[in-house]
Amino acid sequence: MIRAVKGTRDILPPSSEVWNRVEDASRRVFRTYNYREIRTPILEQTALFARGVGQETDIVSKEMYTFEDRDGSSLTLRPEATASVMRAYIEHRLDQQPGIQKLYYIGPMFRRERPQKGRYRQFFQIGAEAIGGESPAVDAEVIEMVIEILKAAGLEDFHLLLNSVGDPNCRPAYMAALKERLKDAAPRMCGDCQRRADTNPLRVLDCKVSADQPVIEALPSILDYLCGECRAHFDRVCAYLTGRGVPFEVKPRLVRGLDYYRRTTFEIVHGSLGAQNSVLGGGRYDGLAQALDAKIQAPGIGFSIGEDRLVMSVGEEGTLAVDLFVAPIGEAAFRHASLLAMELRRLGVSVELPPEGKLKRLLELANKLGARQTLILGDDEIQSGNYTLREMASGSQRTVTRDELISIWKKA
RNA sequence: GUGCCCAUAGCUCAGCUGGUAGAGCGCUGGAUUGUGGUUCCAGUGGCCGUGGGUUCAAAUCCCACUGGGCACCCCA
């Protein structure tokens with residue numbers, strides 16, 4: 001049997017209904033913040049991610065779906081979308097457009113990781129980028145918006161974590177201080193941390209081993225090393241959020257894996273997700289355009305929601321219910337019903353019109369499909385012009401004319 | 001990429017220390033010529049994930065592979 005490839009999956013109804021609700025809610029909120037959709041290719045030149053995301057990151061070094069095209073060029077299935085959006089921004093000179101470019105996307109991404117809960121090889125992200133502005137006001141609006149999206153999607157009990165990772169002026173000093181302290185501290189920590197102290201010192205801050213927590217608490221905080229500009233930026237982001245009533249927790253140990261992050265970083269966590277408790281991550285990436293060799297300035301901030309995780313967290317069941325089930329008894333009734341169904345569908349009613357059959361069969365099917373109402377159409381009804389409309393929940397029936405039926409749905 | 005656990009009907013699972021498969025639900029039909037949901041009856045269902053090994057005999061024991069779950073690495 002041919003099956004879906006490892007780490008990919010089919011999203012079937014009724015679960016696909018939940019996905020649609022989440023996406024519809026997102027689009028509504030994006031629209032109210034004047035974000036417009038951008039659709040970029042799923043395939044990009046490998047160099048885009050190697051430069052944009054960072055050659056040394058795990059994503060690029062071991063988790064990308066990369067292959068050689070027939071002409072020998074190297075292509076990659078996008079592992080994230082920010083680099084693509086920035087590429088499009090540069091390629092189409094969107095810096096020449098008025099104001100800040102506010103763009104959103106919804107679509108599949110690919111990473112060749114070992115699958116686990118909330119982590120797939122083809123996964124979906126809902127994300128947005130605001131490019132062309134450095135003001136902390138933009139950061140605050142982006143963060144406020146993403147929270148509105150999560151609420152609109154039906155997520156509850158989530159928690160916003162906020163930090164600044166500085167910029168090339170101040171981060172090196174912090175990194176040096178951190179490494180210095182780790183020389184003493186690391187030997188008292190877990191095996192992973194001893195290794196990370198060399199390979200990826202920032203990761204030590206994220207260690208979950210409880211015995212290490214006191215040591216981590218004592219490590220230097222990046223917030224104490226921010227330069228004046230980064231400090232001012234961070235303070236204003238916090239002030240704006242507080243002013244808007246957006247609750248957040250400053251978490252100096254919130255680190256980011258991607259090279260292009262500058263200053264603001266944030267994350268939203270939700271308890272239902274096990275080890276993959278992060279439902280969304282984002283931050284400012286003023287250095288990205290430069291990393292892509294662009295000649296233009298393109299400071300930006302964005303986020304991306306792990307849609308698979310969001311859907312899992314809202315935990316709702318989809319429904320298969322149909323508004324009206326039409327039960328035609330006999331061929332003549334079916335022909336009559338098909339015209340009626342077309343008219344109702346044009347009014348926006350969801351109508352199920354099965355092939356003609358025995359009434360018992362048809363009602364059974366209507367019940368299984370969760371139909372709210374069933375219209376019974378046989379020779380009697382066609383001749384008299386009085387249709388039988390059955391309320392499935394109660395079983396009560398009444399007689400309606402064709403015009404009455406149409407007007408019921410016109411009003412609704 | 002690493003570690004641990006798992007794989008029997010469409011779904012959820014039973015099948016003790018080896019003797020070649022069961023239940024519930026679902027699905028189909030009937031009791032009911034044009035009246036569903038409840039009930040009753042009957043039927044449909046499985047190369048026991050794949051390949052190899054041990055054995056007179058393997059769903060059951062061993063190995064490998066594939067897929068899944070959880071955690072690690074890392075990350076959304």
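Just so we're on the same page: letters track the sequence lines, and every chain starts at 1.
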Student: Touch check for A/Gly127, heavy atoms < 4.0 angstrom, all strands: base, sugar-phosphate only, or nothing?
Tutor: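 If one applies the 4.0 Å heavy-atom cut-off, A/Gly127 turns out to touch nothing in the nucleic acid.
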Student: Does A/Tyr240 have any side-chain hydrogen bond (donor to acceptor under 3.5 Å, both in side chains) partners at least two apart in sequence or in another chain, and if so, which?
Tutor: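 If we apply the side-chain hydrogen bond (donor to acceptor under 3.5 Å, both in side chains) test to A/Tyr240, skipping adjacent residues, the hits are A/Arg236.
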Student: For the side chain of A/Arg3, starting at C-beta, report the closest nucleotide among B/G1, B/A71, B/G67.
Tutor: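 Among B/G1, B/A71, B/G67, the one nearest the side chain of A/Arg3 is B/G67.
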Student: Both atom distances under 3.5 Å, Watson-Crick or G-U wobble: I'd like the secondary structure of RNA chain B as a dot-bracket string, with | for pairs made across strands.
Tutor: (((((((..((((.....[..)))).(((((.......))))).....(((((..]....))))))))))))....
Student: If you look at every strand shown and take non-hydrogen atoms under 4.0 Å, does A/Gly302 touch a base, only sugar-phosphate, or nothing?
Tutor: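 Answer is nothing: A/Gly302 stays at 4.0 Å or more from every strand.
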Student: Could you run down the sub-3.5 Å N/O contacts of the protein with nucleotides 40-45 of chain B?
Tutor:
none

Student: Please, which pairs that meet salt bridge (charged side-chain N to carboxylate O under 4.0 Å, His left out) have at least one residue in residues 371-382 of chain A, sequence neighbours excluded?
Tutor: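 For residues 371-382 of chain A: A/Asp323-A/Arg372.
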Student: Determine which pairs satisfy salt bridge (charged side-chain N to carboxylate O under 4.0 Å, His left out) with at least one residue from residues 153-168 of chain A, sequence neighbours left out, and list them in order.
Tutor: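 Matches after skipping sequence neighbours: A/Asp167-A/Arg263.
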Student: Look at atom CD of A/Gln290 and say whether more than 12 heavy atoms of other residues, nucleotides or ligands are closer to it than 6.0 Å.
Tutor: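 No, CD of A/Gln290 has 12 or fewer neighbouring heavy atoms, counting only those of other groups under 6.0 Å.
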Student: B/A31 and B/G19: how far apart are their C1' atoms, nearest whole angstrom?
Tutor: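 Their C1' atoms lie roughly 42 Å apart.
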Student: Between A/Gln125 and A/Ala371, name the one whose nearest nucleotide on RNA chain B is closer to the 5' end.
Tutor: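 Nearest nucleotide further toward 5': that of A/Ala371.
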Student: What's the closest nucleotide to the side chain of A/Lys6 if the choices are B/G67, B/G36, B/A71?
Tutor: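 Of all the options, the side chain of A/Lys6 is nearest to B/G67.
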Student: Rounding to an integer number of Å, can you tell me how far A/Asp10 CG sits from B/G67 P?
Tutor: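 The distance from CG of A/Asp10 to P of B/G67 comes to 15 Å, rounded to the nearest Å.
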Student: So which pairs with a foot in residues 389-409 of chain A pass salt bridge (charged side-chain N to carboxylate O under 4.0 Å, His left out), sequence neighbours left out?
Tutor: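 Found A/Glu343-A/Arg402.
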Student: Distance check, C1' atoms only: B/A59 and B/U2, in whole angstrom units.
Tutor: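 Pairwise C1' distance, B/A59 against B/U2, rounds to 30 Å.
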Student: For the C1' atoms, the ones on B/U28 and on B/U54, what distance do you get once it is rounded to whole angstrom?
Tutor: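 Nearest-Å result for B/U28 against B/U54 at atom C1': 44 Å.
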Student: Figure out the CD/P separation between A/Glu113 and B/A71, and round it to whole Å.
Tutor: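 Rounded to whole Å, this separation is 14 Å.
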Student: Has A/Gln297 got more than 12 heavy atoms of other residues, nucleotides or ligands less than 6.0 Å from its CD?
Tutor: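 Open: at most 12 neighbouring heavy atoms sit under 6.0 Å from CD of A/Gln297.
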Student: Distances for protein N/O vs nucleotides 28-35 of chain B N/O pairs under 3.5 angstrom?
Tutor:
| from | atom 1 | to | atom 2 | distance (Å) |
| --- | --- | --- | --- | --- |
| B/U28 | OP2 | A/Lys368 | NZ | 3.3 |
| B/G34 | O6 | A/Asp380 | N | 3.1 |
| B/G34 | O6 | A/Asp380 | OD1 | 3.3 |
| B/G34 | O6 | A/Asp380 | OD2 | 2.7 |
| B/G34 | O6 | A/Glu381 | OE1 | 3.4 |
| B/G34 | N1 | A/Glu381 | OE1 | 2.9 |
| B/G34 | N1 | A/Glu381 | OE2 | 3.2 |
| B/G34 | N2 | A/Glu381 | OE2 | 2.7 |
| B/U35 | O2 | A/Arg390 | NH1 | 2.8 |
| B/U35 | O2 | A/Gln397 | OE1 | 2.8 |
| B/U35 | N3 | A/Gln397 | OE1 | 2.8 |
| B/U35 | N3 | A/Gln397 | NE2 | 3.3 |
| B/U35 | O4 | A/Gln397 | NE2 | 3.4 |

Student: When the P atoms of B/U44 and B/G51 are compared, how many Å lie between them, rounded to an integer?
Tutor: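 The answer is 27 Å between these two P atoms.
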Student: Determine, for A/Tyr104 and A/Arg36, whether the Lys NZ or Arg CZ falls below 6.0 Å from the six-membered ring centre while staying within 45 degrees of the axis.
Tutor: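 Not satisfied by the 6.0 Å and 45° rule.
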Student: Would you tell me if any nitrogen or oxygen in the side chain of A/Gln116 comes within less than 4.0 Å of OP1 or OP2 on B/A71?
Tutor: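 Yes.
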Student: On a whole-Å scale, what distance lies between the C1' atoms belonging to B/A9 and B/C27?
Tutor: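 My reading of the C1' atoms in B/A9 and B/C27 gives 12 Å.
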Student: Could you pull out all residues at least two apart from A/Thr66 that satisfy side chain to side chain contact (heavy atoms under 4.5 Å, CB included)?
Tutor: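 A/Thr66 satisfies side chain to side chain contact (heavy atoms under 4.5 Å, CB included) with A/Thr46, A/Met64, A/Ser74, A/Thr76 once adjacent residues are dropped.
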Student: At less than 3.5 Å, do the side-chain atoms of A/Asn367 and the base atoms of B/G36 form a donor-acceptor pair?
Tutor: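 Answer is yes: a donor-acceptor pair is held.
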Student: Going by side-chain hydrogen bond (donor to acceptor under 3.5 Å, both in side chains), name the residues that satisfy it together with A/Lys251, two or more places apart in sequence or in a different chain.
Tutor: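 With sequence neighbours excluded, A/Lys251 shows a side-chain hydrogen bond (donor to acceptor under 3.5 Å, both in side chains) to no residue whatsoever.
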Student: Starting at CG of A/Leu205 and ending at P of B/C74, how long is that distance when rounded to a whole Å?
Tutor: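 Atom CG in A/Leu205 sits about 12 Å away from atom P in B/C74.
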Student: Scan A/Phe303 against the nucleic acid and name what it touches under 4.0 Å (heavy atoms): base, sugar-phosphate only, or nothing.
Tutor: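 Here A/Phe303 touches no strand at all.
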Student: Could you check how far CZ of A/Phe123 sits from P of B/C74, rounded to whole Å?
Tutor: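 Taking atom P of B/C74 as the reference, CZ of A/Phe123 is at 17 Å.
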Student: When the distance from CZ of A/Phe325 to P of B/G37 is rounded to whole Å, what number comes out?
Tutor: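 Value for this atom pair: 14 Å.
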Student: Please report, rounded to the nearest Å, how far the C1' atom of B/C74 is from the CE atom of A/Met109.
Tutor: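 One finds 18 Å between C1' of B/C74 and CE of A/Met109, rounded.
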Student: Between A/Lys62 and A/Ala4, which is nearer to the 5' end of RNA chain B once each is assigned its nearest nucleotide?
Tutor: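 Looking at RNA chain B, the more 5' nearest nucleotide goes with A/Ala4.
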Student: For atom C1', what is the distance between B/G18 and B/A57, given to the nearest Å?
Tutor: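 Going atom to atom, C1' in each nucleotide, I get 8 Å.
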Student: So what does A/Ala327 hit on the nucleic acid, given a heavy-atom distance under 4.0 Å: a base, only sugar-phosphate, or nothing?
Tutor: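 Since no nucleic acid heavy atom lies under 4.0 Å of A/Ala327, the category is nothing.
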Student: With a 3.5 Å cut-off and just heavy-atom distances, do the side chain of A/Arg119 and the base of B/A76 make a donor-acceptor pair?
Tutor: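 No, no donor-acceptor pair under 3.5 Å.
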Student: I'd like to know if A/Glu148 pairs up with A/Arg28 as an ion pair, taking the criterion as any Lys NZ or Arg NE/NH1/NH2 lying under 4.0 Å from an Asp or Glu carboxylate oxygen.
Tutor: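 No, A/Glu148 and A/Arg28 are not salt-bridged.
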Student: Give the rounded distance in Å between these two atoms: CG of A/Leu161 and C1' of B/A76.
Tutor: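 After rounding, the gap between these two atoms is 14 Å.
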Student: Of all residues at least two apart in sequence or in a different chain, which pass the side-chain hydrogen bond (donor to acceptor under 3.5 Å, both in side chains) check with A/Asp184?
Tutor: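 Result, side-chain hydrogen bond (donor to acceptor under 3.5 Å, both in side chains) vs A/Asp184: none returned.
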Student: For A/Ile305, report the nucleic acid contact type (base, sugar-phosphate, nothing); a contact means any heavy atom under 4.0 Å.
Tutor: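 If one applies the 4.0 Å heavy-atom cut-off, A/Ile305 turns out to touch nothing in the nucleic acid.
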Student: Heavy atoms only, 4.0 Å cut-off, all strands: where does A/Met392 land among base, sugar-phosphate and nothing?
Tutor: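 Counting heavy atoms under 4.0 Å across all strands, the contact made by A/Met392 includes a base.
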Student: Taking the P atom in each of B/U60 and B/U55, what is the distance between them to the nearest angstrom?
Tutor: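 Approximately 16 Å lies between the P atom of B/U60 and that of B/U55.
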Student: What about A/Arg114: does its side chain form a donor-acceptor pair under 3.5 Å with the base of B/C70?
Tutor: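 A donor-acceptor contact between them is absent.
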Student: Quote, to the nearest angstrom, the P distance that separates B/G45 from B/A7.
Tutor: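 About 26 Å, rounded to a whole number of Å.
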Student: Rounded to the Å, how far apart are A/Leu369 CG and B/C27 P?
Tutor: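 So the two atoms are 11 Å apart, to the nearest Å.
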Student: Closer than 4.0 angstrom, basic N to acidic O: yes or no for A/Asp308 and A/Lys117?
Tutor: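 Looking at A/Lys117 together with A/Asp308, the answer is no, because their closest N to O distance does not fall below 4.0 Å.
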Student: Taking only residues at least two apart or on different chains, which pairs with a member in residues 328-340 of chain A satisfy salt bridge (charged side-chain N to carboxylate O under 4.0 Å, His left out)?
Tutor: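 Checked against salt bridge (charged side-chain N to carboxylate O under 4.0 Å, His left out) - neighbours excluded - the pairs reaching residues 328-340 of chain A are A/Glu331-A/Arg335.
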Student: Using side-chain hydrogen bond (donor to acceptor under 3.5 Å, both in side chains) as the criterion, list what pairs up with A/Glu44, not counting sequence neighbours.
Tutor: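 Expected list: A/Ser84, A/Arg87.
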